[in-house]
Amino acid sequence: MIDFRSDTVTKPTAGMLDAMMSAKVGDDVFGEDETVNALEEKLATMFNMEAAMFCPSGTMSNQIAIKCFTNPMDEVICDQTAHVYRYEGGGIAYNSLASVRLLNGERGILTPEMIEPEINEDNIHYPNSSLVVLENTVNKGGGKCYTLSQIEPIHNLCAIKGIKLHLDGARIFNALVATGNKAKDYGKYFDGISVCLSKGLGAPVGSVFLSDAQTIKKARKIRKVLGGGMRQAGFLAAAGIYALDNHVKRLATDHSHAKALAATLTNASFVSSVMPVETNIVLFDITPNLKVDSVVKALTNKGVLCNATSNKTVRFVTHLDVAAAAIDETIEIITKLNI
Ligand SMILES: *Cc1c(COP(=O)(O)O)cnc(C)c1O
């Protein structure tokens, strides 16, 4: 099976497993796991942030960030497709007792002009707008990227209004590779950044929340309360360090694989349109005469796994466990497919 359902399906490579098995570990709840500490320091330095905290998942990183940056009764501003709103189980309400103001970005990309009118003025009737969350790349936007020049004016607006700015950077390295922007330039624009190690970077587990030292101190307490304080987590952090050292540059390969798939899909009989590809996600709409489940099933029957993301949209995600030969094979299958 060629598995395009998600970039989370990757399994650790032999090199990554070696790095994990030889990790030096300790009790991370005591702050004594040197590999976890090294991963946290590595990412904080990379993004020019003061401090960092290893988490079991991107959801936990984001939810802790939102808890740190809001008070009960506040409002979080984000795009209507945002992972923090759609795919984190209602966690903003449950964990932070906050409401959400949803915007209609262009493929999930927000602008200061969209955000500014949605910021509540100080009035007894209104929730306090305390946090803006951006997502880069935008998952539901088909892996679309923000560039730093689009982020800077949003940062400036938030700074003027006294609002925190958090980045859901589950696929931030895909955005960095695609835009050529530098990780170190990100730190000055965001109060918090979540980075996933278990997406395109290929680690089995893990996400890191980056922020200032005081926020990370608070975040460690919240992580403990949520049950996310892990003990010899260095075995997992070692996979993250290995991924950062070995799996970032190669994301460009996933991006060119995604573009090759998109080019083939554009001409396929069962496809009506393909969203322009910027990174490793391909979203396409099927022709109106077809049912999305039958398209997914026809591809699955030929050995190609993918996901329906709406009643007319199918998603392919490329990643390091789909090699060039499998892309060629998939292109042949798509070209010949009759539904
Ligand atoms: C995957 C993902 C996350 C985190 O998901 P986990 O499965 O909890 O690690 C967060 N944001 C986006 C945009 C994602 O795609």
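Just follow the structure's listing: the first ligand is 1, and inside any ligand the first atom is 1.
- Heavy-atom distances between Met60 and ligand 1 stay at or above 4.0 Å for every pair.
- The aromatic ring centres of His319 and Phe4 sit 6.0 Å or more apart.
- Looking only at protein heavy atoms, the nearest one to atom 3 (C) of ligand 1 is Lys199 NZ, 3.2 Å.
- Under 4.0 angstrom from ligand 1, the non-hydrogen atoms of Asn62 all belong to its side chain.
- With respect to atom 11 (N) of ligand 1, the closest heavy atom belonging to the protein is Asp168 OD2, 2.6 Å.
- Residues Phe47 and Phe173 bring their aromatic ring centres within 6.0 Å.
- When the heavy-atom distances from atom 12 (C) of ligand 1 to His83, Gln63, Arg86 are ranked, the shortest goes to His83.
- When the side-chain contact (heavy atoms from CB on, under 4.5 Å) test is applied to Met230, the partners found at least two apart in sequence or on another chain are Phe54, Pro56, Ala233, Leu236.
- Two rings, from Phe316 and Phe284, have their centers less than 6.0 Å apart.
- The closest side-chain donor-acceptor pair between Tyr186 and Asn136 falls under 3.5 angstrom.
- In terms of polar-atom proximity, Ser198 is not counted as a contact of ligand 1, lacking any N or O under 3.5 Å from an N or O of the ligand.
- Relative orientation of the Phe209 and Phe69 rings is perpendicular, given thresholds of 30° and 60° on the angle between their planes.
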List the steps, then state whether salt bridge (Lys or Arg N to Asp or Glu O under 4.0 Å) holds for Glu34 with Lys24. CA-CA 7 Å; Glu34 60 184 276; Lys24 293 203 173 66; 5.3 Å; no

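- The shortest N/O to N/O separation between Arg171 and ligand 1 falls below 3.5 Å.
- Looking at Asn139 next to ligand 1, an N or O pair under 3.5 Å apart turns up.
- Ligand 1 places these atoms under 4.0 Å from at least one heavy atom of Glu135: 13 (C).
- At the shortest separation from atom 8 (O) of ligand 1 among protein heavy atoms lies Thr59 OG1, 2.6 Å.
- Distances between N or O atoms of Gly58 and those of ligand 1 include at least one value under 3.5 Å.
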